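Worksheet for the structure shown next.
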Amino acid sequence: MLMVWGAYPFSLAVLLGYVLLALKIVAGHHQRIHDLFSNVENKTLRWLRAMLLILLLVWLYHAGDFILTMIVDLPEQPEAIENLVATVLLIAFCYFGLRQGAIFELVETAKDQEDKRLPDCEPAQRLGLTRDHADRIAAKLETVMTKGHLYRDSMLTLRQLSDKTRISEHHISEVLNHHLNSNFYDFVNKWRIDEAMQLLASDPQRTALSIAMDVGFNSKSTFYSAFKKLNGQSPIAYRQTELQAA
């Protein structure tokens, strides 16, 4: 019962520690999937973060209630409301947890067999890459993206890019994170947005959604969010600006 949490400082401290630790783990998960996938829909665990934030609000309520109870004599809160909140949280956790599909299963399985799949790839060393080595990897990534248009695959993963380039996932991530100041998700989306910008300006009859699908996005909302992040305006506003300037 939630009322028990409000009655004991130790329980409040344990709950706060749990929520903060869980939020930290979810934040780490968010960063990891952006390093591995070009499509992060159904992988972000936003539902879990929202539930943790609700749990944090519950903690704030009971912490405030505990402090006020020590100062003034407050009437006891009805347990029915607290039991209802706890029940709703539990049902929501079970519902979204059962709907959540596998996220890392294929990536981890492939990683266990990386040495067998990529016998000729550059070895993944723990030491940092030299600038010359990083530049060569960056050039190879640009070549395979330009000629192979890999970004058009909406389900492209870091592992697949490693397969195509024969460069270890570790080295690709190091180049993206430390030499190009990006992650895999943003790196791939930049290529998608660059082509989308060309198509928006050159083919005004096509819908933004059609262009988004062709360049590798799998939803309009993701496309608009990524486009505005890189250009500071929506695809439609960008198209209007380009057409007026032509």
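Quick caveat, the model's predicted, so the values are computed rather than measured.
Arg239 contributes no side-chain N or O that, together with a main-chain N or O of Ser234, makes up a donor-acceptor pair within less than 3.5 Å. Glu174 places a side-chain N or O within donor-acceptor distance of the main-chain N or O of Leu129, the cut-off being under 3.5 Å. Checking side-chain atoms of Asp203 against main-chain N and O of Leu199 turns up no donor-acceptor pair under 3.5 Å.
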Fill in: Chi angles and distances behind the side chain to side chain contact (heavy atoms under 4.5 Å, CB included) call for Leu57, Leu53
CA-CA 6 Å; Leu57 292 177; Leu53 291 176; 5.9 Å; no
Discussion item. Please evaluate residues His29 and Ile103 with respect to the criterion side chain to side chain contact (heavy atoms under 4.5 Å, CB included), reporting the C-alpha separation (whole Å), side-chain torsions for both, the decisive distance (0.1 Å), and the verdict.
Written reply: CA-CA 10 Å; His29 166 83; Ile103 297 175; 3.6 Å; yes
Discussion item. Assess the residue pair Val58 and His62 against the criterion (side chain to side chain contact (heavy atoms under 4.5 Å, CB included)); give the C-alpha distance rounded to whole Å, side-chain angles, the decisive distance to 0.1 Å, and a yes or no.
Written reply: CA-CA 6 Å; Val58 172; His62 283 283; 3.6 Å; yes
Worksheet item: Going through the distances and angles, do Met197 and Glu242 end up as a side chain to side chain contact (heavy atoms under 4.5 Å, CB included)?
Response: CA-CA 9 Å; Met197 290 170 62; Glu242 289 297 307; over 6 Å; no
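The salt bridge (charged side-chain N to carboxylate O under 4.0 Å, His left out) test applied to Asp186 returns Lys229, not counting sequence neighbours. Not a single ring pair (Phe, Tyr, Trp, His ring centres under 6.0 Å) links His178 to another residue, sequence neighbours left out. Under the salt bridge (charged side-chain N to carboxylate O under 4.0 Å, His left out) criterion, Arg152 pairs with Glu195, sequence neighbours left out. A search for ring pair (Phe, Tyr, Trp, His ring centres under 6.0 Å) contacts involving His30 returns His34, not counting sequence neighbours. A search for salt bridge (charged side-chain N to carboxylate O under 4.0 Å, His left out) contacts involving Asp194 returns Lys190, not counting sequence neighbours. Scored by the ring pair (Phe, Tyr, Trp, His ring centres under 6.0 Å) test, Tyr224 finds no partners at all (sequence neighbours excluded).
We find the OG-NE2 distance between Ser162 and His170 to be 12.0 Å, quoted to the nearest 0.5 Å. Going from atom CD1 of Ile193 over to atom CG of Leu230 covers 6.0 Å, rounded to the nearest 0.5 Å. With rounding to the nearest 0.5 Å, the separation of CG in Asp35 from OG in Ser182 is 9.0 Å. The distance from the CG atom of Leu156 to the CZ atom of Phe187 is 9.5 Å, given to the nearest 0.5 Å. To the nearest 0.5 angstrom, Leu150 atom CG is 10.0 Å from Trp191 atom CH2. Atom CG of Leu36 sits about 10.0 Å away from atom NZ of Lys43, to the nearest 0.5 Å.
Applying the side chain to side chain donor-acceptor pair (under 3.5 Å) definition to pairs two or more places apart or across chains, those involving residues 85-98 are Tyr95-Arg99. Identified under the salt bridge (Lys or Arg N to Asp or Glu O under 4.0 Å) test for residues 50-63, with sequence neighbours left out: none. Judged as a side chain to side chain donor-acceptor pair (under 3.5 Å), the pairs with a partner in residues 44-54 (not counting sequence neighbours) are, in order, Trp47-Gln100.
Taken together through direct or relayed side-chain contacts under 4.5 Å among Ile, Leu, Val, Met, Phe, Trp and Tyr, Tyr238 and Leu209 form parts of separate hydrophobic clusters. Residues Leu60 and Val85 share a hydrophobic cluster, clusters being chains of Ile/Leu/Val/Met/Phe/Trp/Tyr side chains in contact below 4.5 Å.
Across all non-hydrogen atoms, the minimal contact from Val19 to Leu52 is CG1-O, 3.6 Å. Nearest heavy atoms, Ile167 versus Lys140: CD1-CD, 3.7 Å. Closest approach of Asp153 and Gln160 over heavy atoms only: OD2-OE1, 3.8 Å. The minimum heavy-atom distance between Arg192 and Tyr151, with the atom names listed, is NE-O, 2.8 Å. The nearest pair of heavy atoms linking Asn177 to Asn183 is OD1-CA, 3.8 Å. Minimum interatomic distance between Val175 and Ala138 (heavy atoms only, all atoms of both residues): CG1-CB, 4.1 Å.
With contacts defined as side-chain heavy-atom distances shorter than 4.5 Å, the pair Asn181/Leu176 does not qualify. A 4.5 Å side-chain heavy-atom check between Leu200 and Phe227 finds at least one atom pair inside the cut-off. Under the 4.5 Å side-chain criterion, counting only non-hydrogen atoms from C-beta, Val188 is not in contact with Leu161.
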Distance-only criterion, 3.5 Å: show the donor-acceptor pairs between side-chain atoms of residues 211-219 and protein atoms not counting sequence neighbours.
| residue | atom | partner | partner atom | Å |
| --- | --- | --- | --- | --- |
| Asp214 | OD2 | Arg206 | NH2 | 2.2 |
| Asn218 | ND2 | Asn39 | OD1 | 3.2 |
| Ser219 | OG | Glu41 | OE2 | 2.6 |
| Ser219 | OG | Ser221 | OG | 3.4 |
| Ser219 | OG | Thr222 | N | 3.2 |
| Ser219 | OG | Thr222 | OG1 | 2.7 |

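Annotation for Ile25: hydrophobic cluster partners, listed by chain and number, are Leu21 (ILVMFWY side-chain heavy atoms under 4.5 Å, direct or chained). Other residues sharing a hydrophobic cluster with Val88 under the 4.5 Å side-chain heavy-atom criterion for ILVMFWY residues are Leu84.
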